[in-house]
Asker: 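Quick one: the structure is below, and I'll ask about it shortly.
The shown structure was predicted, so the numbers you read here are calculated from the model rather than taken from an experiment. Side chains included, hydrogens not; waters and symmetry mates left out as well; all remaining heavy atoms used.
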Amino acid sequence: MHPVELIGVSKSYDKAEAVLTDIDLSIEEGEFFVLVGPSGSGKSTLLRMIAGLESITSGTIRMNNKIVNHLPPKDRNLSMVFQNYALYPHLTVEQNILFGLRAKKVDKAEQQRRLKETAEMMGLTDLLTRKPKQLSGGQRQRVALARSVVSEAPLCLMDEPLSNLDAKLRAHMRIEIRRLQKKLGLTMIYVTHDQVEAMTMGDRIMVLNDGQIQQIGKPIELYNEPANLFVASFIGSPKMNMGQAMIDNQHLIIEDTVNLPLNVAEIPQVIKRKGITVGVRPEHLLYAKPEEANLFLEIINVEHLGHETLLTFEVGTQLWTAKWLGQWMLEVGQRVPLKLLTKHISFYDSQSGQLMQAPLNKSQLEVVAL
Amino acid sequence: MKDTAVILSDEKQIDVFKAVKKQKLVRFLKGMLFLMPSIVLFSLFLFYPLGRTIYLSFFLTDGSGDPTVFVGWENYLNLFTSPIFLKSLRATFLFVLYTVPGTILVSLFLAILANEKLKGIGIFRTMYASTMGISVAAASVFWMFLFHPTIGWLNQILQALGFNSIGWLTDPQWALLAVSISTIWMNLGFTFLIMLGGLQSIDRYLYESADIDGASYFYQLRRITLPMLSPTLFFVITVTFINAFQTFGQIDMLTRGGPQNETQLIVYSIYQEAFMNYQFGPASAQAIFLFIVILLLTLIQFKLGERKVHYQ
Ligand SMILES: Nc1ncnc2c1ncn2[C@@H]1O[C@H](COP(=O)(O)OP(=O)(O)OP(=O)(O)O)[C@@H](O)[C@H]1O
Ligand SMILES: [Mg+2]
């Protein structure tokens, strides 16, 4: 039994062109499910359809095996945190948190019990008499969370709840939300346009672009085997290095400038010889001793992040980035020897954008049994 | 060594103090310069006439309005012994009592209806707001026909339903009510439009959040719409309130203060005293009295309103 199931769901506003097409999706009980995609890809629309705030053009939404297409939001037994928090500006924090319970005429003693519990959990006990205007962004965020926690609904929807916070607070709230979700056993559908947030928080991620599902999977799966060029460039930071390539006589020629020897037998799924796009993660553009290098590139930019160094190279028309651990004192204009292994390269069909051959060697390390 | 340093810093302090003072003066003068046009206009058309009216209220005047005899407070004292003035005072308060709540309730109701997202709602919005574009004179003529004892629609409807016809504008029992009804109608356009604007500026997310929380329509109306609309409501109430005290046009057109002075509102009474009876002194006293009443009531309203109104 799935808390939420979407079958062939589509949406178009005012009979215009479709905002979402043919979404099939099932969410597991107690799962932290992240919806990620660029601005305008239809994430909010999808979430609002699940909440019942937006009508469904075609398809079926089921919750716990019951079709809910026709149900108003209040009968779907869920809570939602809006991007701008939607706090009632004229009510105090306490009244804001209790709004839903009062509307549903929950018993007074029960209201107080839940209020106390929630306020303590969210660290809002001292702020109960304040108005939202008198709170900081992070505190408002916590009130919005408290409002959804207090409803004790098993399904919680969040639409970019962290986008108004600064980087530090955002990192902190990411952990808070994640912990809260695990503790309460909530099923969470979480919308974000930030791929870091998606990667760090989600049990599973769905990447959406132009109203179409690009890929659904665990964060690591999406990172290691992006199903198409869009996911490949969307997930990961700095983003994956891409280049047009062709295979010629056991050689891989990238952007007409890089020429790597290649054993075609290693990549059986690549049948095409032209019209290939290759992708290489920045951490796979390795430094090599000059005698072991198969690639020499000129540095055009160096960024020191402290624990790692980002180097930018020009490869044909593309800019490639390498991510090396540690602090490398290199100068712009220097030619550095690099090693690029076939097992680290993803091969895509340039025309369809679909993955033909994933990297043979995943970045994952052998897990040490603890 | 230490001492000189202290003195030095003291001197600096004083310099800074002077500079700040000078800057403040310059800023004040600049501000005044910008305010000049309105100060001049207000003085010419508001403060001077007000002063002149206060002055006149202590005199008896000749027919052309020049003061003749100084009578002190007598003009004011006479007001409160004049049964006609007391009646017009009563009429005015009743009129305010009828029109202000009437206008607010009806236009709030219409604004809430027109705020729904329905097909063709634009037509209704235009219709409800349309009385704003109709002058008091035109509206009065229109209502005069509605109130007409024999050919008026209102009486025709009453008769069709089997009731006796009513002398809307001629029966002392009905006249004030009739004028109030037409006034409410004239006010509607403006108040409706302002309230609709207020309703539309309420964040849609608040209602969506309440929907998810399972709040009913009326719960949302009471707990979200009305509190969020309170600044608008307060503004509209204040404006309607002051307007009601100053009503003149429709009285002049519909009843001329009659029957039996039932609809003689204060402004109309001032007009009659001044321009029919040429009693500029007593008329000025009435005008000042009205001014003070409106001022006091508005102040009280602000004091009371402050507590209830939620500003964003
Ligand atoms: N009420 C509406 N009427 C018409 N079109 C709409 C409406 N709401 C959204 N759209 C369109 O639907 C598309 C998807 O919008 P949506 O708000 O779901 O994007 P999103 O993925 O949430 O983007 P963001 O990250 O910017 O919030 C956009 O192209 C938008 O213009
Ligand atoms: Mg959105």
Asker: Please tell me whether B/Thr298 and B/Gln301 have a donor and an acceptor in their side chains that are separated by less than 3.5 angstrom.
Answerer: no

Asker: May I ask you to decide whether A/Arg114 forms a salt bridge with A/Glu117, counting only side-chain N to carboxylate O separations under 4.0 Å?
Answerer: no

Asker: Do other residues, nucleotides or ligands put more than 12 heavy atoms under 6.0 Å from the CD atom of A/Glu120?
Answerer: yes

Asker: So what's closer than 4.5 Å to chain B heavy atoms on A/Asn84: side chain, backbone, both or neither?
Answerer: side chain

Asker: Go through the atoms of A/Ser148 and report whether side chain, backbone, both or neither lie under 4.5 Å from a heavy atom of chain B.
Answerer: neither

Asker: List the residues meeting ring pair (Phe, Tyr, Trp, His ring centres under 6.0 Å) with A/Phe33, not counting sequence neighbours, and say none if there are none.
Answerer: none

Asker: Using non-hydrogen atoms only, which part of A/Phe82 is less than 4.5 Å away from chain B: side chain, backbone, both, or neither?
Answerer: side chain

Asker: Have A/Lys116 and A/Thr125 got a donor and an acceptor in their side chains that come within less than 3.5 Å?
Answerer: no

Asker: Show which side-chain atoms of residues 99-119 of chain B pair as donor or acceptor with protein atoms under 3.5 Å away, not counting sequence neighbours.
Answerer:
residue  : atom : partner  : partner atom : Å
B/Thr99  : OG1  : B/Phe95  : O            : 2.8
B/Thr103 : OG1  : B/Thr99  : O            : 2.6
B/Thr103 : OG1  : B/Asn187 : ND2          : 3.3
B/Ser107 : OG   : B/Thr103 : O            : 2.7
B/Ser107 : OG   : B/Ile104 : O            : 3.4
B/Ser107 : OG   : B/Thr191 : OG1          : 3.4
B/Asn115 : OD1  : B/Gln200 : NE2          : 3.3

Asker: Using only non-hydrogen atoms and a strict under-4.5 angstrom cutoff, which residues of residues 202-215 of chain B touch chain A?
Answerer: B/Asp203, B/Arg204, B/Tyr205, B/Leu206, B/Glu208, B/Ser209, B/Ala210, B/Asp211, B/Ile212, B/Asp213, B/Gly214, B/Ala215

Asker: Side chains of residues 100-109 of chain A: which donor-acceptor pairs under 3.5 Å do they make with residues two or more places apart or in other chains?
Answerer:
residue  : atom : partner  : partner atom : Å
A/Asp107 : OD2  : A/Glu110 : N            : 3.4

